[in-house]
Chemist: 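Have a look at this one.
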Amino acid sequence: MDCVFAGIPVRVVRKRVKNTSLRIARDGSRVDVSAPACVPLSDIEAFVVQKHAWIERRLAEAAASPVARAERATPDELAEWRDVVSACVPVLVEAWEPVMGVKAGRLDYRNMKSRWGSCQPSTGRICINIRLALYPPECLEYVVVHELCHLLVPGHGEPFRRLMDRYMPDWKVRRDKLR
């Protein structure tokens with residue numbers, strides 16, 4: 001159920017949970033509240049009002065994030081991001097292929113909401129998210145190395161993590177900048 005409490009858009013979801021909790025949508029568009037079925041709407045409203053200052057601060061942070069910026073992107077911005085990423089990725093791939101002993105196939109660039117890249121080990125095709133243009137350059141390099149590692153190991157298990165540790169010891173720090 002969608003509501004507005006103290007001027008804040010809130011989506012209330014009744015769940016089989018013990019406590020009422022809230023989360024800020026990644027793009028800063030709303031607050032999601034999970035609450036037990038027995039909690040009256042007036043208590044949920046009071047909870048949101050009590051957390052108002054924290055919510056406003058977090059909504060502002062989320063609204064200024066790259067995720068929110070990508071959601072509001074114009075076609076011209078998308079084209080600009082594609083140009084930036086498509087100019088950088090071949091250079092990175094060319095630099096990392098001899099280091100890792102792999103050969104990428106076709107490189108593609110897409111505007112994707114739920115992943116930073118993808119790899120088809122059978123063809124060597126690698127697809128990179130153009131939204132990476134909104135993040136520091138080391139994040140793009142991390143995604144390129146990540147996808148190149150998939151040419152050697154298809155999954156994300158321990159062998160894959162060992163490869164990432166070997167080729168990019170700070171990969172977890174870079175990955176965390178994308179979260």
Side-chain angles (χ1 to χ4, degrees), residues 1-86 88-89 92 109-119 127-147 149-150 156 160-161 164-165 168-179:
M1 157 186 3
D2 291 337
C3 305
V4 177
F5 300 133
I8 299 172
V10 177
R11 177 174 294 155
V12 178
V13 178
R14 302 297 186 151
K15 293 183 175 182
R16 294 186 67 180
V17 292
K18 285 176 108 177
N19 301 307
T20 301
S21 65
L22 62 86
R23 286 171 307 289
I24 306 298
R26 287 191 74 201
D27 65 357
S29 61
R30 69 174 188 282
V31 176
D32 294 323
V33 175
S34 299
C38 62
V39 174
L41 199 55
S42 59
D43 287 0
I44 295 171
E45 181 176 13
F47 180 69
V48 170
V49 169
Q50 175 192 3
K51 304 283 186 186
H52 189 272
W54 180 85
I55 291 169
E56 289 292 338
R57 195 169 50 252
R58 294 296 307 272
L59 284 172
E61 288 170 8
S65 72
V67 172
R69 186 171 168 205
E71 290 300 315
R72 300 184 306 262
T74 65
D76 288 344
E77 288 174 310
L78 294 175
E80 182 181 323
W81 301 343
R82 182 179 306 278
D83 290 345
V84 168
V85 171
S86 64
C88 296
V89 168
L92 290 168
Y109 310 97
R110 292 180 41 211
N111 181 23
M112 299 183 279
K113 288 186 177 186
S114 62
R115 57 179 58 193
W116 295 115
S118 64
C119 176
C127 187
I128 302 292
N129 192 337
I130 64 171
R131 293 180 182 203
L132 284 163
L134 299 173
Y135 290 85
E138 63 267 19
C139 295
L140 179 60
E141 185 176 32
Y142 154 72
V143 172
V144 167
V145 171
H146 179 111
E147 300 309 333
C149 279
H150 281 309
H156 289 108
F160 176 83
R161 291 190 297 274
M164 288 298 295
D165 287 338
M168 187 173 276
D170 68 338
W171 70 273
K172 291 177 186 172
V173 173
R174 296 176 188 227
R175 178 199 61 195
D176 290 347
K177 291 179 183 180
L178 293 171
R179 292 188 169 172

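Numbers here simply count residues along the sequence, with the first being 1. Below, all heavy atoms of this structure are taken into account, side chains as well, without hydrogens, waters or symmetry copies.
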Chemist: Taking the side chain as C-beta and beyond, is there a heavy-atom pair between S29 and E71 under 4.5 Å?
Modeler: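 With C-beta onward as the side chain, the pair stays apart.
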Chemist: Start with the C-alpha gap between R69 and R131, add the side-chain angles, then the distance that decides, and say whether side-chain contact (heavy atoms from CB on, under 4.5 Å) holds.
Modeler: CA-CA 9 Å; R69 186 171 168 205; R131 293 180 182 203; over 6 Å; no
Chemist: How about R115: does its CZ atom have over 12 heavy atoms from other parts shown lying under 6.0 Å from it?
Modeler: no
Chemist: Yes or no on side-chain contact (heavy atoms from CB on, under 4.5 Å) for L41 and M1, after CA distance, side-chain angles and deciding distance?
Modeler: CA-CA 10 Å; L41 199 55; M1 157 186 3; 4.1 Å; yes
Chemist: In Å, rounded to the nearest 0.5 Å, how long is the span from CZ of R30 to CG of L59?
Modeler: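 Here the rounded value is 11.0 Å.
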Chemist: So, taking the atom named NE2 in H150 and the one named CZ in F160, what distance separates them when rounded to the nearest 0.5 Å?
Modeler: 4.0 Å
Chemist: Would you check if V10 and L22 make a side-chain contact, meaning some heavy-atom pair closer than 4.5 Å?
Modeler: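 The answer is no, as the side chains (C-beta and beyond) never meet within the 4.5 Å cut-off.
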Chemist: Might you point out which heavy atoms bring C3 and V12 nearest each other, and give the distance in Å?
Modeler: SG-CG2, 4.3 Å
Chemist: Does R14 have more than 12 heavy atoms from other residues, nucleotides or ligands lying within 6.0 Å of its CZ?
Modeler: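 Yes, the 6.0 Å shell around CZ holds more than 12 heavy atoms from other groups.
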Chemist: Go through C149 and M168 one step at a time and tell me if the side-chain contact (heavy atoms from CB on, under 4.5 Å) criterion holds.
Modeler: CA-CA 11 Å; C149 279; M168 187 173 276; over 6 Å; no
Chemist: Fit a plane to each ring of Y135 and W116, take the angle between them on a 0 to 90° scale, and name the class: parallel (under 30°), tilted (30 to 60°) or perpendicular (over 60°).
Modeler: perpendicular
Chemist: Go through the steps for H52 and F5 under the test ring-ring contact (aromatic ring centres under 6.0 Å, His included), then give the verdict.
Modeler: CA-CA 9 Å; H52 189 272; F5 300 133; over 10 Å; no
Chemist: Looking at side-chain heavy atoms only, is the closest gap between L78 and R82 below 4.5 Å?
Modeler: no
Chemist: Counting C-beta onward and ignoring hydrogens, is there a side-chain heavy-atom pair between S34 and R23 closer than 4.5 Å?
Modeler: yes
Chemist: For A62 and I24, which heavy atoms make the closest approach, and how far apart are they?
Modeler: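 Closest pair (atom of A62, atom of I24, distance): CB-CG2, 4.1 Å.
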Chemist: Are the side chains of K172 and M164 in touch, meaning some heavy atoms are under 4.5 Å apart?
Modeler: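 A side-chain contact is absent here, since even the closest heavy-atom pair is not under 4.5 Å.
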Chemist: Would you check if R174 and V143 make a side-chain contact, meaning some heavy-atom pair closer than 4.5 Å?
Modeler: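 Heavy-atom side-chain distance check fails, nothing below 4.5 Å.
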Chemist: On a heavy-atom basis, which atom in E147 and which in S118 lie closest, and how many Å separate them?
Modeler: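 What the structure gives for the nearest pair is OE1-C, 3.3 Å.
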Chemist: To check you understand the geometry: which heavy-atom pair defines the closest contact between A68 and A63, and what is its length?
Modeler: CB-O, 3.2 Å
Chemist: Considering non-hydrogen atoms only, spot the tightest contact between L134 and P66 and give its length.
Modeler: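 Where L134 meets P66 most closely, the heavy atoms are CD1-O, 3.6 Å.
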Chemist: Of all heavy-atom pairs between A35 and I44, which one has the smallest distance, and what is that distance?
Modeler: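 It is CB-CD1, 3.7 Å.
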Chemist: Let me see the working for Y142 and L178 under side-chain contact (heavy atoms from CB on, under 4.5 Å), right down to the final yes or no.
Modeler: CA-CA 10 Å; Y142 154 72; L178 293 171; 3.9 Å; yes
Chemist: Please verify the inter-ring angle class for H146 with H156; under 30° counts as parallel, over 60° as perpendicular, anything in between as tilted.
Modeler: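 Geometry flag for H156 against H146: tilted rings.
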Chemist: Any non-hydrogen side-chain atom of N129 less than 4.5 Å from a side-chain atom of N111?
Modeler: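 A side-chain contact exists here, since the closest heavy-atom pair is under 4.5 Å.
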Chemist: Determine yes or no for a side-chain-to-main-chain donor-acceptor pair under 3.5 angstrom, with E77 supplying the side chain and T74 the backbone.
Modeler: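 At least one qualifying donor-acceptor pair exists.
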Chemist: Is the shortest side-chain heavy-atom distance between V84 and L132 below 4.5 Å?
Modeler: no
